[in-house]
Amino acid sequence: MSLNRFVAISVDPAVEVGAFHAVEMLRRSGWRSQLFTMTGEQQSSFENTLLHNPSIAAVLELSLSDLTAMQLGVRPKVVPERLTSAAMLGIPQVIVPGCLDHVIVSSNDPVPIDREQMALDQVTTLIRTSAEDCDALGKELAFKASASHGIVKIVFPRGGLSSWDVAEQPDYDSQMNQALLDSLLLWKSPAIELIESHRHINDSLFIQIVVDQLLKLLVVRR
């Protein structure tokens, strides 16, 4: 491994526990990593970094929260379009559909009235994606992964897609997550390996599966 090369990781507060596990596991394997939070300007800077930084050896997608926001019409479309830069350049990717279960909106954002909602405080609300949203998001993810010029693996945490998506939290809905998984399986190319785990996205044992898959891709590209 070149000392200058690193793994780019997308992250969101709802999956940061898993992201920190990944950083440490990669470090122990001799790889540096850089976290990109999928909020605000970093949504677009992540894709721009992938396009213009040749030191990126691979991408670990742990948060696709911006795709959820676009699906629900909460925020304007990000340019360049998410999940296209690494695909175009052939950078190896391991994609976890993190945060496709919800979007958090502020009082200044448009709030979809036909989705399940939970007020988090006086200014923020959590919106749960519907079965239709999950189907559309799965199709978009499957198409973009299948169009990649590099190797892509998808790892699906059946135990939950974010810190809100656990049995003790009101956002948890296994049927909605199944709709997402079914859509991915239906629309992805046969060349895209999809690995299922019963664990939660922030579970260190799930992240170990993810990192193991990522390390295999790094060995292939070395």
Side-chain angles (χ1 to χ4, degrees), residues 10-15 18 36-48 50 59-88 93 95-120 124-148 152 154-158 160-166 169-189 192 194 201:
S10 65
V11 66
D12 182 278
V15 295
F36 293 81
T37 304
M38 295 294 102
T39 57
E41 294 181 357
Q42 283 215 43
Q43 294 178 5
S44 56
S45 70
F46 183 59
E47 292 292 327
N48 280 315
L50 298 181
V59 174
L60 171 53
E61 292 279 9
L62 280 179
S63 173
L64 301 178
S65 58
D66 43 345
L67 293 185
T68 314
M70 286 183 275
Q71 169 65 26
L72 271 62
V74 173
R75 299 186 188 99
K77 197 168 189 177
V78 178
V79 178
E81 192 174 357
R82 280 287 277 126
L83 294 179
T84 57
S85 299
M88 180 178 67
Q93 299 177 80
I95 301 176
V96 180
C99 300
L100 292 187
D101 58 298
H102 76 280
V103 66
I104 295 177
V105 300
S106 69
S107 55
N108 296 324
D109 293 320
V111 178
I113 61 174
D114 57 345
R115 306 295 198 287
E116 292 186 18
Q117 304 179 21
M118 181 182 72
L120 302 179
T124 56
T125 301
L126 184 145
I127 310 295
R128 200 358 167 146
T129 48
S130 66
E132 291 76 14
D133 294 325
C134 290
D135 180 61
L137 289 164
K139 184 175 183 179
E140 179 179 4
L141 172 53
F143 279 12
K144 288 179 175 178
S146 300
S148 177
V152 179
I154 299 173
V155 188
F156 195 97
R158 297 182 67 99
L161 305 176
S162 76
S163 60
W164 297 102
D165 188 32
V166 293
Q169 296 288 345
D171 189 42
Y172 182 72
D173 192 324
S174 60
Q175 291 183 337
M176 297 303 103
N177 293 349
Q178 186 64 48
L180 176 64
L181 178 59
D182 289 344
S183 181
L184 285 169
L185 291 170
L186 175 64
W187 295 108
K188 76 175 185 67
S189 162
I192 303 298
L194 191 153
I201 191 170

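Index from 1, following the sequence. Keep in mind that the numbers below use all heavy atoms, side chains included, and drop hydrogens, waters and symmetry copies. Please read all numbers here as calculations on a predicted model, not as lab measurements.
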**Student:** Quick check: closest heavy atoms across A145 and I192, and the distance to 0.1 Å?
**Tutor:** O-CD1, 3.5 Å
**Student:** Please step through side chain to side chain contact (heavy atoms under 4.5 Å, CB included) for the pair V103 and V105, ending with a clear verdict.
**Tutor:** CA-CA 6 Å; V103 66; V105 300; 4.2 Å; yes
**Student:** Got a second to check how far L181's CG is from L186's CG, nearest 0.5 Å?
**Tutor:** 11.0 Å
**Student:** Checking R82 against E140 for the salt bridge (charged side-chain N to carboxylate O under 4.0 Å, His left out) test, could you report, in this order, the C-alpha distance in whole Å, the side-chain angles of both residues, the deciding distance, and whether it holds?
**Tutor:** CA-CA 10 Å; R82 280 287 277 126; E140 179 179 4; over 6 Å; no
**Student:** M176 and S130: which non-hydrogen atoms are nearest, and at how many Å?
**Tutor:** SD-C, 3.6 Å
**Student:** Given side chain to side chain contact (heavy atoms under 4.5 Å, CB included), test I127 with E116 step by step and report yes or no.
**Tutor:** CA-CA 6 Å; I127 310 295; E116 292 186 18; over 6 Å; no
**Student:** Could you report the tightest heavy-atom contact between A86 and Q93, atom names first, then the distance?
**Tutor:** CB-CD, 3.6 Å
**Student:** Measure the OG-CG distance between S63 and D12 for me, rounded to the nearest 0.5 Å.
**Tutor:** 4.0 Å
**Student:** Is it the case that S10 and E61 place a side-chain donor and acceptor less than 3.5 Å from each other?
**Tutor:** yes
**Student:** Within this structure, what is the CD-OG1 distance for the pair Q117 and T125, rounded to the nearest 0.5 Å?
**Tutor:** 6.5 Å
**Student:** Closer than 3.5 angstrom, by distance alone: can the side chain of S189 be matched with the main-chain N or O of S146 as a donor-acceptor pair?
**Tutor:** no
**Student:** Would you mind reporting whether L137 and S183 have side-chain heavy atoms less than 4.5 Å apart?
**Tutor:** no
**Student:** Can T84 and E81 be said to form a side chain to side chain contact (heavy atoms under 4.5 Å, CB included), step by step?
**Tutor:** CA-CA 6 Å; T84 57; E81 192 174 357; 4.1 Å; yes
**Student:** Measure the OG1-CG distance between T129 and N177 for me, rounded to the nearest 0.5 Å.
**Tutor:** 7.5 Å
**Student:** Quick check on side-chain contact (heavy atoms from CB on, under 4.5 Å): which of D66, T68, L67 does M38 satisfy it with?
**Tutor:** D66
**Student:** Testing the basics here: between G138 and L184, what is the closest heavy-atom pair and its distance to 0.1 Å?
**Tutor:** O-CD2, 3.4 Å
**Student:** Would you call the rings of F143 and W187 parallel, tilted or perpendicular if under 30° counts as parallel and over 60° as perpendicular?
**Tutor:** perpendicular
**Student:** Of all the heavy-atom pairs spanning A14 and C99, show the shortest one and how long it is.
**Tutor:** CB-SG, 4.1 Å
**Student:** How long is the span from the CG atom in L100 to the CG atom in L64, to the nearest 0.5 Å?
**Tutor:** 5.0 Å
**Student:** Can you check whether L194 reaches F156 side chain to side chain, under 4.5 Å on heavy atoms?
**Tutor:** yes
**Student:** Is any side-chain heavy atom of L161 closer than 4.5 Å to one of L180?
**Tutor:** yes
**Student:** If you take all heavy atoms of K144 and L83, which pair is closest and at what distance?
**Tutor:** CD-CB, 3.7 Å
**Student:** Residues in side-chain contact (heavy atoms from CB on, under 4.5 Å) with S174, at least two apart?
**Tutor:** Y172
**Student:** Can you check side chain to side chain contact (heavy atoms under 4.5 Å, CB included) on W164 and L126, steps first, answer last?
**Tutor:** CA-CA 9 Å; W164 297 102; L126 184 145; 3.4 Å; yes
**Student:** Taking 4.0 angstrom as the limit, do D165 and R128 come out as a salt bridge?
**Tutor:** yes
**Student:** If you count the non-hydrogen atoms of other residues, nucleotides and ligands that lie under 6.0 Å from CD in Q169, is the total more than 12?
**Tutor:** yes
**Student:** How many angstroms lie between atom OG of S162 and atom NE2 of H102, to the nearest 0.5 angstrom?
**Tutor:** 4.5 Å
